Chemist: 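My structure is below; once you've seen it, I'll send some questions.
The chains referred to below are lettered A, B, ... by the order of the sequence lines, with proteins before strands, and numbering in each begins at 1. All of these numbers come straight from a predicted model, not from anything done at the bench.
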There are 2 protein chains.
Amino acid sequence: MPTSTVENYLKTIYMQQQRAGGKNVAMGKLAKAMDVVPGTATAMIKTLADSGLVDYKPRGGVSLSDKGETLALHILRRHRLLELFLVEVLGLDWTEVHDEAEELEHATSDKVLARIDDYLGHPDTDPHGDPIPPAKGAHAPVQLKSLADSATQKKLVIARVVDQGCEFLQFLNQHGLRPGTRINILSYDRVVDAITVKPYKHEPVTLGMAAAGKILVEKPAT
Amino acid sequence: MPTSTVENYLKTIYMQQQRAGGKNVAMGKLAKAMDVVPGTATAMIKTLADSGLVDYKPRGGVSLSDKGETLALHILRRHRLLELFLVEVLGLDWTEVHDEAEELEHATSDKVLARIDDYLGHPDTDPHGDPIPPAKGAHAPVQLKSLADSATQKKLVIARVVDQGCEFLQFLNQHGLRPGTRINILSYDRVVDAITVKPYKHEPVTLGMAAAGKILVEKPAT
DNA sequence: ATTTCAATTTTGAGTATTCAAAATACCAAA
DNA sequence: TTTGGTATTTTGAATACTCAAAATTGAAAT
Ligand SMILES: [Mn+2]
Ligand SMILES: [Mn+2]
Ligand SMILES: [Mn+2]
Ligand SMILES: [Mn+2]
């Protein structure tokens, strides 16, 4: 029974590794992501390595072992199912469920999680469009382009938002930009580093490229 | 932000104090209830006293301060509301929700709890018949007699079961004895220390007085 | 008044997690 | 090759919680 601290480290390593394309995660990055000083991360990683949850080469960074990855995916599954449950069943806002799930993910048993999964009809994406890892087996990694890389398309649908920051999410929400929303690209300007989109039934919004990079899109289905 | 350890101590002290009729709780009792050695309880109580959550007289036992009692009631409210939610919404068995709630009670925010309360329609008893403390203000203590003290009545309704042990609860469940069940007392024998009851639509069951003492009853409403 | 014993407290130590600050290693520029 | 400078690790210490075992206390029994 890993502590919630351990679970958080594993989940963070997993996500950093994703972002970095499977490579080892540098201790500095990890420490930053976990909001601890570097020495703390080093100490913790050493104990995780002793438990066989990660592979660690001093000054070479960390990566998850198979055991660690399995665990990390379980936590991630918990987290995302809980987020969806909070939105769908309890009516919380999709901009605020992340922090709630961050705690609940460590207190929810497999039994309760299975009920939640049933209740929701075995969904495969959470309120932010993030894929929910299956109970067993690997999930096919969906390849999505960001809004910043989709200048050529005029009509798109928001598929996923890769930032859990409440401020950012609330901004998007205010302007009608949420997973599932159809949008039109009105202008795309590399020079001023900005893109203007019109969300369905909302006023146009202009975003910087950094922000646009966090919004993943796909072609409209219909 | 008290740790979950602190929350568990406070809740336990509250319940012990109830059982003992408001008097101070002896360290031995507390240690037993918390499943720690006595020295651990003493150490913890000293820090709780320093935080102003309990009153402690060395060798005189502990009691909750006003601050501590308020907190204890919040945890208890969380616990019971969560139990009911698990039963009503997720379909868990009333015999198994206690342990789940024991963890979730420390991870559930006030916001989520309020939604759960709304969802359930502001209930006032949990699946075991235990009263759910209100969000604010004190609850009127309901006075219930146990089955062991109700020999004179023939027709009764189970109001509450004051034991969270999975074994005991499952036994009751198997024989159709749950909160809300109407029962008839078939025999009551002080000499052999046993009482036989017939639950509505179930076969008669014989219980020892110790077990009967954990089943609280009231007069049938209808 | 003494003895005795159970309850309680104290002491010493261990695990898990964290930080501040000093030491070290590595890569890259000069 | 020497010098930096940054990333990382190490060291020393703190907090929260716990146990084992020794010391103490208070009250009941003699
Ligand atoms: Mn978490
Ligand atoms: Mn999410
Ligand atoms: Mn608990
Ligand atoms: Mn209960």
Chemist: Please state how far atom CG in A:Asp50 lies from atom P in C:dT17, giving the value in whole angstrom units.
Modeler: 13 Å
Chemist: Using a 4.0 Å heavy-atom cut-off, does B:Ala26 contact any base of the nucleic acid, only the sugar-phosphate backbone, or nothing at all?
Modeler: sugar-phosphate
Chemist: Rounded to the nearest angstrom, tell me the gap between atom CE in A:Met44 and atom P in D:dT9.
Modeler: 14 Å
Chemist: To the nearest 0.5 Å, how far apart are CD1 in A:Ile132 and NE2 in A:His122?
Modeler: 11.5 Å
Chemist: Do A:His128 and A:Val97 have side chains that approach each other closer than 4.5 Å (heavy atoms only, starting at C-beta)?
Modeler: yes
Chemist: Does any non-hydrogen side-chain atom of A:Ile45 lie less than 4.5 Å from one of A:Ile13?
Modeler: yes
Chemist: Testing B:Lys11, B:Arg77, B:Arg80 for salt bridge (Lys or Arg N to Asp or Glu O under 4.0 Å) with B:Glu105, which one passes?
Modeler: B:Lys11
Chemist: Less than 4.0 angstrom between a side-chain N/O of A:Lys29 and OP1 or OP2 of D:dA7, yes or no?
Modeler: no
Chemist: Between D:dA16 and B:Thr3, is there an OP1 or OP2 to side-chain N/O distance shorter than 4.0 Å?
Modeler: no
Chemist: Would you say A:Thr42 reaches D:dT9's phosphate, i.e. side-chain N/O to OP1/OP2 under 4.0 Å?
Modeler: yes
Chemist: Would you kindly give the CE-to-P distance between A:Met27 and C:dC19, to the nearest whole Å?
Modeler: 13 Å
Chemist: Whole Å only: how far is the OH atom of B:Tyr56 from the C1' atom of C:dA7?
Modeler: 11 Å
Chemist: Which listed nucleotide (C:dA20, D:dC19, D:dT18) is nearest to the side chain of B:Val37?
Modeler: D:dC19
Chemist: Below the 4.0 Å mark, does D:dA16 have OP1 or OP2 next to a side-chain nitrogen or oxygen of B:Thr5?
Modeler: no
Chemist: Consider the side chain of B:Thr40, meaning its heavy atoms from C-beta on, and name the nucleotide among D:dC19, C:dC19, C:dT9 that approaches it most closely.
Modeler: D:dC19
Chemist: Figure out the CG/C1' separation between A:Leu30 and C:dT17, and round it to whole Å.
Modeler: 14 Å
Chemist: Answer with base, sugar-phosphate or nothing: what part of the nucleic acid does A:Gly39 contact at a heavy-atom distance below 4.0 Å?
Modeler: base
Chemist: Please confirm whether the backbone N or O of A:Gly61 pairs with a side-chain atom of A:Lys29, one donor and one acceptor, at under 3.5 Å?
Modeler: no
Chemist: Over how many whole Å does the gap from A:Arg59 atom CZ to D:dG5 atom C1' extend?
Modeler: 14 Å
Chemist: Hey, does the side chain of A:Tyr9 come within less than 4.0 Å of C:dT18's phosphate (OP1/OP2), counting only N and O?
Modeler: yes
Chemist: In whole angstrom, what separates B:Asn8's CG from D:dT18's C1'?
Modeler: 15 Å
Chemist: Tell me: CG of A:Leu10 to P of C:dT17, nearest whole Å?
Modeler: 11 Å
Chemist: Please determine, for the side chain of A:Pro58, which listed nucleotide (C:dT9, D:dT9, C:dT17) has the closest atom?
Modeler: D:dT9
Chemist: OP1, OP2 of C:dT10 versus side-chain N and O of B:Lys46: anything below 4.0 Å?
Modeler: yes
